[in-house]
Protein chains: 2
Amino acid sequence: MEKVTMADVAREAGVSKSTVSQFLNKRYEYMGEKTKLKIEAAIERLGYQPNFIARSLKQKRTSMVGIIVANIMHYLSTEISRAIEDFCQDHDLHAIVCNADDDPEKEKRYIEMLRAKQVDGLIIFPTELNTELYAGMIKEGYPVVFVDRKVEMLDAFSVVTDNRESTYKAIQSFIANGHRHIAFAVQPLIVSTRKERLEGYKNAMVEAGLPIRPEFIIESSIGEMKRKLEELFSLEDPPTALFAGNDRVFLTVVEFLKGKGLKIGQDVDLIVFDNIPFANLMDKPISFIMQPATEMGMKAAELLFDQINKVEKEPQKFIFPSEMV
Amino acid sequence: MEKVTMADVAREAGVSKSTVSQFLNKRYEYMGEKTKLKIEAAIERLGYQPNFIARSLKQKRTSMVGIIVANIMHYLSTEISRAIEDFCQDHDLHAIVCNADDDPEKEKRYIEMLRAKQVDGLIIFPTELNTELYAGMIKEGYPVVFVDRKVEMLDAFSVVTDNRESTYKAIQSFIANGHRHIAFAVQPLIVSTRKERLEGYKNAMVEAGLPIRPEFIIESSIGEMKRKLEELFSLEDPPTALFAGNDRVFLTVVEFLKGKGLKIGQDVDLIVFDNIPFANLMDKPISFIMQPATEMGMKAAELLFDQINKVEKEPQKFIFPSEMV
DNA sequence: TTGTAGGCGTTATCAC
DNA sequence: GTGATAACGCCTACAA
């Protein structure tokens with residue numbers, strides 16, 4: 001029943017606990033060859049497995065990190081998480097993933113929970129609404145890395161993409177293709193990424209001398225969005241091009257267009273911020289702004305790893321470029 | 001620096017550690033109202049956070065479970081994992097996901113690792129090649145649930161789908177649609193699911209009086225598969241219908257057909273075992289055999305939860321039906 | 001080289 | 001109602 005403890009091994013091998021401990025920690029520099037063998041045999045015979053919990057308590061290191069994802073429904077999140085997990089597996093860490101569901105309260109509870117569990121560090125896709133909590137951790141020197149969204153006014157490690165620039169270029173490409181009626185759909189502007197994307201849109205429009213028409217900008221929850229789209233496409237001069245602010249918006253848009261009988265690439269052109277899996281399988285002329293998820297995850301994990309291992313570094317923001325395909 | 005311990009709180013509040021402990025565990029039945037307030041205040045003032053590791057050591061319960069996925073590349077795995085995670089979040093458990101990468105050695109290491117970390121139970125998508133290890137855990141009474149693939153000869157909880165039946169029906173539907181040249185592509189037959197699916201294919205073919213032609217059955221790794229497909233479609237009588245044994249095979253097949261210029265639903269009909277995300281977005285006439293991932297994950301998590309909480313039950317296999325869409 | 005003792009932060013068991 | 005005290009299983013000086 002997995003009750004074999006170090007003491008048992010010690011007794012079985014006829015040595016003391018400390019000796020066994022030394023053995024386990026590979027400090028057998030000054031250890032008799034025969035004691036080593038005795039211990040090995042005893043471990044084998046008893047089927048002993050060290051207890052990491054006990055070790056962690058003593059060492060104050062759990063080899064676990066927490067990942068708090070703002071919303072797991074975004075495909076990007078899972079991609080980045082997976083990259084982080086891969087990095088962890090290569091560095092003897094285990095990751096615990098939590099989904100904050102875009103709820104700051106939930107995020108807060110998870111942060112506290114994971115810290116109570118003594119995880120060695122946290123990678124957070126922030127809801128951006130727990131600034132004091134974030135700040136507190138950073139002041140303490142607790143290892144934290146923010147991903148995807150940036151937390152303003154906070155000198156912390158973060159890994160993001162150039163939302164504004166990418167969107168700006170995307171809208172420019174619409175314009176270059178002759179579009180004049182360009183709409184923009186996004187979820188509520190409560191996080192930096194969405195705001196930046198909208199700014200990119202506006203910049204490009206203004207620069208091209210096109211009017212920014214409020215009725216062409218949908219800002220609503222996924223639930224409400226279909227209704228808003230209905231309104232948008234009921235205008236006497238409906239848009240010929242649409243920018244979807246992220247993957248979930250995109251899904252909603254596609255469903256809407258399908259129901260409406262509008263053909264993508266024909267009746268309306270589409271650019272999406274975010275990649276979706278197997279996008280290449282649906283041969284429709286849609287452009288996706290792909291963020292380098294793997295690189296971002298890797299970088300975030302690496303930054304966290306270094307903090308955990310006390311590699312001194314100034315907090316930095318890493319901005320990755322996105323690519324339109 | 002997060003060094004506030006229970007002793008500090010006790011001192012600050014002018015009570016003993018035990019009292020604080022009682023308070024934390026909500027056993028304030030026989031506790032003075034004012035002590036309660038004093039402790040509350042002290043906790044607040046010090047910013048105390050209990051240390052779960054220490055608690056776990058004492059209670060021999062970590063509130064963590066491990067999920068060992070045979071191969072995270074299968075979309076089904078991630079779907080099921082997510083369902084498990086959801087269940088865990090509702091039951092105060094944390095899940096740690098590990099990817100065995102179809103490697104029995106890796107699987108073994110993870111099992112040992114997670115047990116060393118004292119996780120309360122394990123949900124395993126087995127590689128099926130560590131039978132002794134599985135058997136050992138079960139004999140010990142350690143909570144384990146197998147998912148997706150079954151482990152023969154083992155009396156354990158498991159949650160699977162009716163691979164043979166579903167495939168059988170799928171092939172029947174091909175036949176009903178007039179197909180005679182039906183091919184079957186699958187990864188190496190080293191796990192039960194694949195074997196069962198092939199059996200289903202053979203049964204349907206035999207029953208319909210159609211010959212089982214070895215050259216119509218591709219059994220190969222993903223890497224080799226394109227070459228095999230090339231051969232298959234170079235036959236003087238190439239197949240008019242193809243059954244893809246899982247999602248990864250499907251992706252390979254689609255790429256191949258695309259390169260070859262063959263149109264799905266026109267030159268060749270396709271049925272795929274497994275769902276892929278956003279399948280509804282690609283309006284091609286492909287049938288997917290969808291496994292009820294969420295239900296399977298939920299069930300698995302529930303079975304594990306009950307074992308952890310010593311709800312006595314006989315080991316059972318739950319076989320979920322799949323649906324073709 | 002190996003053993004002894006104390007401590008990591010909690011919880012559990014009793015006395016008080 | 002509250003408080004010593006002994007575990008939990010391991011690590012780490014330091015002593016032998």
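Just so we're on the same page: letters track the sequence lines, and every chain starts at 1. The structure displayed is predicted, hence computed values, not measured ones.
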Side-chain atoms of residues 62-73 of chain A: list all donor-acceptor pairs with protein atoms under 3.5 Å, sequence neighbours left out, distances to 0.1 Å.
from	atom 1	to	atom 2	distance (Å)
A/T62	OG1	A/M64	N	3.3
A/T62	OG1	A/Q118	O	2.8
A/T62	OG1	A/D120	OD1	3.3
A/N71	OD1	A/M73	N	2.8
A/N71	ND2	A/D102	OD2	3.0

Would you mind writing out the side-chain donor-acceptor pairs for residues 146-156 of chain B within the sub-3.5 Å range, not counting sequence neighbours?
from	atom 1	to	atom 2	distance (Å)
B/R149	NH1	B/P126	O	3.0
B/K150	NZ	B/E196	OE2	3.4

Please tabulate, for side-chain N and O atoms in residues 8-17 of chain A, each donor-acceptor pair with protein atoms closer than 3.5 Å (sequence neighbours left out).
from	atom 1	to	atom 2	distance (Å)
A/D8	OD1	A/R11	NH2	3.1
A/D8	OD2	A/T5	N	2.7
A/E12	OE2	A/R45	NH1	2.0
A/S16	OG	A/S18	N	3.3
A/S16	OG	A/S18	OG	3.1
A/S16	OG	A/T19	OG1	3.3

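With sequence neighbours excluded, the residues satisfying salt bridge (charged side-chain N to carboxylate O under 4.0 Å, His left out) with B/D306 are B/K313. Residues meeting the salt bridge (charged side-chain N to carboxylate O under 4.0 Å, His left out) test with B/E132, sequence neighbours left out: none. Applying the salt bridge (charged side-chain N to carboxylate O under 4.0 Å, His left out) criterion to A/E302, with sequence neighbours excluded, gives A/K299.
Between atom CZ of residue B/R55 and atom CE of residue B/M6 there is a gap of 10.0 Å, rounded to the nearest 0.5 Å.
Taken over five-pair windows at either terminus, the axes of the helix from C/dT1-D/dA16 to C/dC16-D/dG1 are inclined to one another by 40° (rounded to 10 degrees).
Whole-Å rounding puts the B/Q118 CD to D/dG9 P distance at 9 Å. One interatomic measurement links the two molecules: CD1 of A/I53 to C1' of D/dC11, which rounds to 15 Å at whole-angstrom precision. Summarising the geometry, the separation between CZ on A/F52 and P on D/dC8 is reported as 21 Å, rounded to the nearest angstrom. Rounded to whole Å, the distance from CG on B/L37 to P on D/dG1 is 15 Å.
Using a 4.0 Å heavy-atom criterion, one finds that B/S56 contacts no nucleic acid atom at all.
Residue pairs meeting the salt bridge (charged side-chain N to carboxylate O under 4.0 Å, His left out) criterion with at least one member in residues 73-82 of chain B: none, sequence neighbours excluded.
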Along nucleotides 7-16 of chain C, 5' to 3', which nucleotides get a B, which get an S, and which get a -, given that the test is a protein heavy-atom distance under 4.0 Å?
-> BBBBBB----
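The shortest distance between the side-chain N/O atoms of B/S16 and the OP1/OP2 oxygens of D/dT2 is not below 4.0 Å.
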